[in-house]
There are 2 protein chains.
Amino acid sequence: MDDGKPPPETPKRSRIQKRNRKRILDAALNVFSQHGYRGATLDQIATEAGLSKPNILYYFDGKEAIHVDLLNTLMAEWLAPLQEMDPEGEPLDELMRYISRKLAMSHAYPRESRLFANEIIQGAPRMGPHLASGLKTLFDEKCALIATWVHHGKLAPVDPGHLIFSIWAVTQHYADFEAQVEVLMPRKTEARAGAEAHVETLFRKLLTPPGYSVRTA
Amino acid sequence: MDDGKPPPETPKRSRIQKRNRKRILDAALNVFSQHGYRGATLDQIATEAGLSKPNILYYFDGKEAIHVDLLNTLMAEWLAPLQEMDPEGEPLDELMRYISRKLAMSHAYPRESRLFANEIIQGAPRMGPHLASGLKTLFDEKCALIATWVHHGKLAPVDPGHLIFSIWAVTQHYADFEAQVEVLMPRKTEARAGAEAHVETLFRKLLTPPGYSVRTA
DNA sequence: TCGTGCCTTTACCAATTGGTAAAAAACATG
DNA sequence: CATGTTTTTTACCAATTGGTAAAGGCACGA
């Protein structure tokens, strides 16, 4: 009886393979996040990676394979902050901590943010299945968690799904629309600090339940 | 003395020209908003418009000209709600009304939203000047207005620039990331109503100044 | 009926696209 | 160093890209 799938597929890559795959994926992240899937070209990726085009196709099965690999690899770490929201923690603290980490990630990894933004704006043609399975599960789970928090009066009444959407929207906006933010708010360091304070206030006011006592030292 | 620019350029287009230009721009809006500038092709636009490729180039000077025309034409109406925020009105009402109209526009014109989203994510290479001039002026003006409102205690203390960013982020999210929203929150009509209520609450809680008396009938 | 001006099609083009075949070079290992 | 393996390059493709030239159609007034 053949179980169909080959043994767990230990990558088992030589160090030169690891190095070049990393170079390619990094170059591809630059190009895909800037131009979207269809607007990106293998030549561009090759040039940016410092390799020849056929050499790139020696490491990956094609343009689409690179893109899919990127999406799969980055999805996990992109969702880590949400995943780590702790059912045992203090609800408001957990949510505010999540928001803060999400905003920090948008500032630290704008390319990743734009990669996903491009893919989803364009209808998520290479991510649809992933969304429906992995992401949806996590999303539903965390929605349920937030709902119980609300139910126990630990948070102000709020629609968990739309709450998550607005957290994503506000935090990722700074990465995805960086070009616009920079034009409209040129002093970068000030803008970043202001963003943090604003987002913190926005969601704290939304989520703080009525009659919540503020601990002042 | 030649003033350099030709007379005000009355378009003076025949009805067949109007019809075909409209068809082309509509098709181009579909294609550009779905694939971004570089990912879009003239053939695709031509097919969608029901015209031949050379025929399209009879009406427009090239791919870029179509894209620029679209951006210019749509920019004005896209910014109309912000423009109409009235310095004479009641601050909180004006802002909440703006937010509501912005959300409605995202639902009614998702293609336009995605057109701009694509352009800005990709660094706004064909819109940079417009951003720096027209949009920045409007943005600064409205920021100043909001600042005076805050100063007079009509709104809770808030950074006007970041406030506008978060309004844009939250409202446009529903258009730009529609593919994701639909997967995670499948019941469309409920989702839309929920979005309205959530966004309303989010910003009303942020903006309502301390000690604001709620008028109950 | 004949122009005349507007619109559309046909037939192209050079450049770029994603991708391949196969030789050549570099590398590892005995 | 000899040998087999991994990596890289060279030389190509067929298809698609944005764009052009020029001939054809078509409506409409004289």
Side-chain angles (χ1 to χ4, degrees), chain A residues 6 9-71 115 118-119 122 125-126, chain B residues 9-71 115 118-119 122 125-127:
Chain A
E9 286 276 359
T10 312
K12 204 204 254 171
R13 301 202 227 280
S14 72
R15 82 202 83 83
I16 196 168
Q17 266 175 1
K18 278 191 231 166
R19 170 173 56 85
N20 280 352
R21 282 181 63 98
K22 201 176 297 180
R23 278 186 191 173
I24 292 168
L25 288 172
D26 188 68
L29 178 55
N30 283 336
V31 177
F32 282 131
S33 69
Q34 197 167 50
H35 299 291
Y37 179 75
R38 286 188 45 173
T41 73
L42 281 180
D43 293 272
Q44 230 179 319
I45 296 172
T47 301
E48 198 132 340
L51 298 171
S52 69
K53 184 165 61 175
N55 202 4
I56 285 201
L57 292 166
Y58 170 75
Y59 289 101
F60 288 91
D61 281 339
K63 184 183 175 181
E64 185 160 359
I66 302 178
H67 195 238
V68 169
D69 193 299
L70 262 184
L71 291 172
L115 178 79
N118 265 308
E119 171 70 5
Q122 304 182 4
R126 275 162 297 283
Chain B
E9 286 277 0
T10 312
K12 205 203 252 173
R13 301 201 226 281
S14 72
R15 81 204 88 81
I16 197 167
Q17 265 175 1
K18 278 190 231 166
R19 170 172 56 85
N20 281 353
R21 282 182 62 98
K22 202 177 297 180
R23 279 187 191 171
I24 292 167
L25 288 173
D26 188 68
L29 178 55
N30 284 336
V31 177
F32 282 130
S33 68
Q34 196 167 50
H35 299 291
Y37 179 74
R38 286 188 44 174
T41 74
L42 282 179
D43 293 272
Q44 231 180 319
I45 295 172
T47 301
E48 197 132 339
L51 298 171
S52 68
K53 184 166 61 176
N55 203 3
I56 285 201
L57 292 167
Y58 170 76
Y59 289 101
F60 288 90
D61 281 339
K63 182 183 176 182
E64 185 160 358
I66 303 177
H67 194 238
V68 169
D69 193 300
L70 263 184
L71 291 172
L115 178 79
N118 266 308
E119 172 71 4
Q122 304 182 5
R126 275 162 299 282
M127 230 177 53

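Below, read A as the first sequence line, B as the second, and so on, with proteins coming before strands; counting in each chain starts at 1.
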Are OP1 or OP2 of [N] and a side-chain N or O of [X] less than 4.0 angstrom apart?
X     : N     : result
A:S52 : D:dT9 : yes
A:N55 : D:dT7 : no
A:Q17 : D:dT7 : yes

Between [options], which one does the side chain of [X] approach most closely?
X     : options               : value
B:L57 : C:dT17, C:dC7, D:dT20 : D:dT20
B:Y59 : D:dT8, C:dT8, D:dG18  : C:dT8
A:Y58 : D:dT17, D:dT8, D:dT10 : D:dT8
B:D43 : D:dG18, C:dG19, C:dT8 : D:dG18
B:I16 : D:dG19, C:dT17, C:dC7 : C:dC7
B:P54 : D:dT7, C:dG19, D:dT20 : D:dT20

Which whole-number value in Å describes the distance from [X] [atom1] to [N] [atom2]?
X     : N      : atom1 : atom2 : value
A:K18 : D:dT6  : NZ    : P     : 16 Å
A:N20 : D:dT7  : CG    : C1'   : 9 Å
B:L42 : D:dG19 : CG    : P     : 6 Å
B:F60 : D:dT20 : CZ    : P     : 16 Å

Taking side chain as C-beta onward, heavy atoms only, is A:Q44 less than 4.5 Å from A:T47?
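Counting from C-beta outward, A:Q44 and A:T47 never come under 4.5 Å.
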Do A:E48 and A:D26 have side-chain heavy atoms sitting under 4.5 Å apart?
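Contact flag for A:E48/A:D26 side chains = no.
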How is B:A46 classified with respect to the nucleic acid when contacts are heavy atoms under 4.0 Å: base, sugar-phosphate, or nothing?
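If one applies the 4.0 Å heavy-atom cut-off, B:A46 turns out to touch nothing in the nucleic acid.
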Step-by-step side-chain contact (heavy atoms from CB on, under 4.5 Å) determination, B:Y58 to B:N20:
CA-CA 10 Å; B:Y58 170 76; B:N20 281 353; over 6 Å; no
Any N or O donor-acceptor pair linking the side chain of A:K63 to the base of C:dG19 at under 3.5 Å?
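For A:K63, whose side chain was compared with the base of C:dG19, there is no donor-acceptor pair (under 3.5 Å).
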Run the side-chain contact (heavy atoms from CB on, under 4.5 Å) test on B:N55 and B:I24 for me, step by step, so that the C-alpha distance in whole Å, both residues' side-chain angles and the decisive distance to 0.1 Å come before the verdict.
CA-CA 10 Å; B:N55 203 3; B:I24 292 167; over 6 Å; no
